[in-house]
Colleague: 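Here's a structure for you.
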Amino acid sequence: MNKALRHALPLALILASAGFAQAQQQCGGDLATFLEGVKAEAIAAGSPPEIVDKALAGATIDQKVLSRDRSQGVFRQTFLEFSSRTGSQARLDTGLKKIREYADVFARAEQEYGVPAGVITAFWAKETDFGAVQGDFNTRNALVTLAHDCRRPELFRPQLLALIKMVEHGDLDPATNTGAWAGEIGQVQMLPEDIIAFGVDGDGDNHVNVKQSSPDALLTAARFIQHLGFKRGEPWIQEVSIPENLPFEKSGLGGTMTAGEWFALGVQPRDGETAFSALPASLILPQGRKGPAFITYPNFNIYLEWNQSFIYTTSAAFFATQFGGAPAYQKGNPEPGLDTDQMMALQTKLQGLGHDVGKIDGILGAGTRVAVQKEQQRVGLPADGWPTPALLAAL
């Protein structure tokens, strides 16, 4: 699937100002000159010149990649809409069959990396429909395009250099390899740097082929998820029912309460499991207090590292629990939300009140949710972070 946001790139790449400045100096201009610079850098990093030539031969700028980069689709669907579409019963059934088919691989993933089958399978399902839809952009050209472009070269030049390493290892054919528009490759859509760093040869052929080999893709994903901070044996999300008189202003990601403190306020786990009461926990309400409700635990952070979209992460996290036997969540009866024009009007008002909502785009992003919650509390509405016509009218 086309993700609204690429999974989080290593923070060091974003914060390293020296690398940022260098990449900015090396972007743009004549493509041949740019590629000569990439070649020199790859050779200095130890790649043989003939391999670098092979990797970059025939590289071109892909205007479709630039178009996607300039107009990245961000989720306009609600949680109910998106999760129902991407977490259907048919996809759940297929995933359960895949878990049985690759039982030995998933057992190894849990034994070596502490990651349950459901966590990996949820990403496998949502990213590529179990490998069926991996993207049709030439990966080399996509990365050349984004590294050459001066909008975010500090993020993509290292990925291009990592792709050259994959060519050197014999794990990728630069002329034919295809994937997502932003350079993600394979059945769980990972970037070249992460494949180089965390790649696992799951089928024993001495190569890491995350496109064709499901064992390679699944074990590489498991090792990467472990790296993101997944803690063995701990939950990540749990469906709950909630009373009407909660301090909703304390809901939302990044809270300071424990699961036990939420339980003491009347939040009830649907599965009855309270063994992890001492863990930090957030109460999240994707469509407000009258819609589905979940407690998230520290392991939920790996989903935010994988993809920064709240709708995607919540959907993927709960779908992972269903592979472990959790029933479908209770949809509730959410209050009507806002259409795009109404959301933009609300964002304009919120911005006028001094809130940082980012771009006024009609999207319910993290900044808008926080602002909505603060204004709900100020005007005396339940502060559940779900924008409604009532809030728009009150402002």
Colleague: Is it possible for you to say whether M343 and L395 belong to one hydrophobic cluster, with membership spreading through side-chain heavy-atom contacts below 4.5 Å?
Modeller: yes
Colleague: Can you tell me how far the CZ atom of R100 sits from the CZ atom of F106, to the nearest 0.5 Å?
Modeller: 11.5 Å
Colleague: By the ring pair (Phe, Tyr, Trp, His ring centres under 6.0 Å) test, which pairs, at least two apart or in different chains, include something from residues 351-395?
Modeller: none
Colleague: Would you tabulate the side-chain donor-acceptor contacts of residues 274-284 under 3.5 Å, counting partners in other chains and residues two or more places apart, or write 'none'?
Modeller:
| unit_1 | atom_1 | unit_2 | atom_2 | d |
| --- | --- | --- | --- | --- |
| S277 | OG | T274 | O | 2.6 |
| S282 | OG | G254 | N | 3.4 |
| S282 | OG | G255 | N | 3.4 |

Colleague: Using the rule given for side-chain contact (heavy atoms from CB on, under 4.5 Å), can you reason through V357 versus T348, listing the C-alpha separation, both sets of side-chain angles and the distance that settles it, and then say yes or no?
Modeller: CA-CA 9 Å; V357 297; T348 300; over 6 Å; no
Colleague: Tell me whether E335 is salt-bridged to R289, with the criterion being a basic N under 4.0 Å from an acidic carboxylate O.
Modeller: yes
Colleague: Does a side chain donor of either T368 or Q347 reach within less than 3.5 Å of an acceptor in the other side chain?
Modeller: yes
Colleague: Please assess E112 against R223 for the test salt bridge (charged side-chain N to carboxylate O under 4.0 Å, His left out), listing each intermediate value before the final yes or no.
Modeller: CA-CA 8 Å; E112 296 185 14; R223 188 179 177 199; over 6 Å; no
Colleague: Consider only side-chain heavy atoms of I, L, V, M, F, W and Y, link residues closer than 4.5 Å, and tell whether F137 and I164 are in one cluster.
Modeller: yes
Colleague: Keeping the roles fixed (side chain from D149, backbone from G28), state whether a donor-acceptor pair exists under 3.5 Å.
Modeller: no
Colleague: Does E41 reach the main-chain N or O of V38 with its side chain, forming a donor-acceptor pair under 3.5 Å?
Modeller: no
Colleague: Do you know which two heavy atoms are closest between A147 and C27, and how far apart they sit?
Modeller: O-CB, 3.8 Å
Colleague: If I compare all heavy atoms of P153 with all of P158, which pair ends up nearest, and what's the gap?
Modeller: O-CD, 4.0 Å
Colleague: Within the distance-only criterion (no hydrogens, no angle test), does the side chain of T220 pair as donor or acceptor with the backbone N or O of D216 below 3.5 angstrom?
Modeller: yes
Colleague: Indicate, with yes or no, if L161 and I195 share a hydrophobic cluster defined by side-chain heavy-atom contacts under 4.5 Å among Ile, Leu, Val, Met, Phe, Trp and Tyr.
Modeller: yes
Colleague: For P292 and L80, work out which heavy atoms get closest and say how close.
Modeller: CG-CD2, 3.7 Å
Colleague: May I ask you to decide if G135's main-chain N or O and Q189's side chain share a donor-acceptor pair within less than 3.5 Å?
Modeller: no
Colleague: List for me each residue that meets side-chain hydrogen bond (donor to acceptor under 3.5 Å, both in side chains) alongside R378, sequence neighbours excluded, and say none if there are none.
Modeller: E375
Colleague: Drop me the distance from L143's CG to T139's OG1, to the nearest 0.5 angstrom.
Modeller: 6.5 Å
Colleague: Distance-only, no hydrogens or angles: does the S88 side chain make a donor-acceptor pair with backbone N or O of R85 under 3.5 Å?
Modeller: no
Colleague: I'd like to know whether R232 forms a salt bridge (charged side-chain N to carboxylate O under 4.0 Å, His left out) with E110, so could you lay out the CA-CA distance, the side-chain angles of the two residues, the decisive distance to 0.1 Å, and finally the verdict.
Modeller: CA-CA 8 Å; R232 182 189 298 269; E110 185 150 20; over 6 Å; no
Colleague: Taking NZ, NE, NH1 and NH2 as the nitrogens, is one of them in D384 or K290 under 4.0 Å from a carboxylate oxygen of the other?
Modeller: no
Colleague: Are side-chain N/O atoms of Q187 and S214 paired as donor and acceptor at under 3.5 Å?
Modeller: yes
Colleague: For H148 and G29, indicate whether the former's side chain and the latter's backbone hold a donor-acceptor pair under 3.5 Å.
Modeller: yes
Colleague: Any chance you could measure K64, atom NZ, to D62, atom CG, to the nearest 0.5 Å?
Modeller: 7.5 Å
Colleague: Whether the N307 and T313 side chains hold a donor-acceptor pair (N or O, under 3.5 Å, no angle test) is what I'd like checked.
Modeller: no
Colleague: Any sub-3.5 Å donor-acceptor pair from N299's side-chain atoms to E234's backbone N or O?
Modeller: yes
Colleague: Start with the C-alpha distance between E168 and K165, add both sets of side-chain angles, then the distance that settles salt bridge (charged side-chain N to carboxylate O under 4.0 Å, His left out), and finish with yes or no.
Modeller: CA-CA 5 Å; E168 182 179 342; K165 283 292 183 184; 3.4 Å; yes
Colleague: Does the pair Q159 and E193 meet the rule for a side chain to side chain donor-acceptor pair (under 3.5 Å), with working shown?
Modeller: CA-CA 6 Å; Q159 302 301 331; E193 266 201 321; 3.2 Å; yes
Colleague: Indicate whether any N or O donor in one side chain lies under 3.5 Å from an N or O acceptor in the other, for S315 and K126.
Modeller: yes
Colleague: Is I242 reachable from I237 through a run of hydrophobic residues whose side-chain heavy atoms are each under 4.5 Å from the next?
Modeller: no
Colleague: Check step by step if ring pair (Phe, Tyr, Trp, His ring centres under 6.0 Å) holds for W124 and F130.
Modeller: CA-CA 5 Å; W124 194 16; F130 309 104; 5.4 Å; yes
Colleague: Is the backbone N or O of N206 less than 3.5 Å from a side-chain atom of D201, with the two atoms forming a donor-acceptor pair by type?
Modeller: yes
Colleague: Any chance you could measure H169, atom NE2, to I51, atom CD1, to the nearest 0.5 Å?
Modeller: 10.0 Å
Colleague: Do the side-chain N and O atoms of Q238 and Y297 include a donor-acceptor pair separated by under 3.5 angstrom?
Modeller: yes
Colleague: Hey, could you give me the CD1/CE distance between I196 and M190, rounded to the nearest 0.5 Å?
Modeller: 11.0 Å
Colleague: Please assess F230 against Y113 for the test ring pair (Phe, Tyr, Trp, His ring centres under 6.0 Å), listing each intermediate value before the final yes or no.
Modeller: CA-CA 9 Å; F230 192 90; Y113 307 112; over 10 Å; no
Colleague: Measure across L219 and V105 and return the closest heavy-atom pair with its distance rounded to 0.1 Å.
Modeller: CD2-O, 3.7 Å
Colleague: Look only at the side chain of T94 and the backbone of A90, and say whether a donor-acceptor pair between them is shorter than 3.5 Å.
Modeller: yes
Colleague: If you compare all heavy atoms of P174 against all heavy atoms of K54, which two are closest, and at what distance to 0.1 Å?
Modeller: CG-O, 3.5 Å
Colleague: Report yes or no: do E305 and N301 form a side-chain donor-acceptor pair below 3.5 Å?
Modeller: no
Colleague: Using only heavy-atom distances, determine whether the side chains of Q373 and S251 contain a donor-acceptor pair under 3.5 Å.
Modeller: yes
Colleague: Could you give me the CA-CA distance, side-chain angles and deciding distance for Y329 and F79, then say whether ring pair (Phe, Tyr, Trp, His ring centres under 6.0 Å) is met?
Modeller: CA-CA 12 Å; Y329 60 76; F79 169 76; 5.2 Å; yes
Colleague: Taking a hydrophobic cluster as the set of Ile, Leu, Val, Met, Phe, Trp and Tyr residues connected by side-chain heavy atoms closer than 4.5 Å, whether directly or through intermediates, do L96 and Y102 fall within one such cluster?
Modeller: yes
Colleague: Return the minimal non-hydrogen interatomic distance between A222 and V115, and the atom names on each side.
Modeller: O-CG2, 3.6 Å
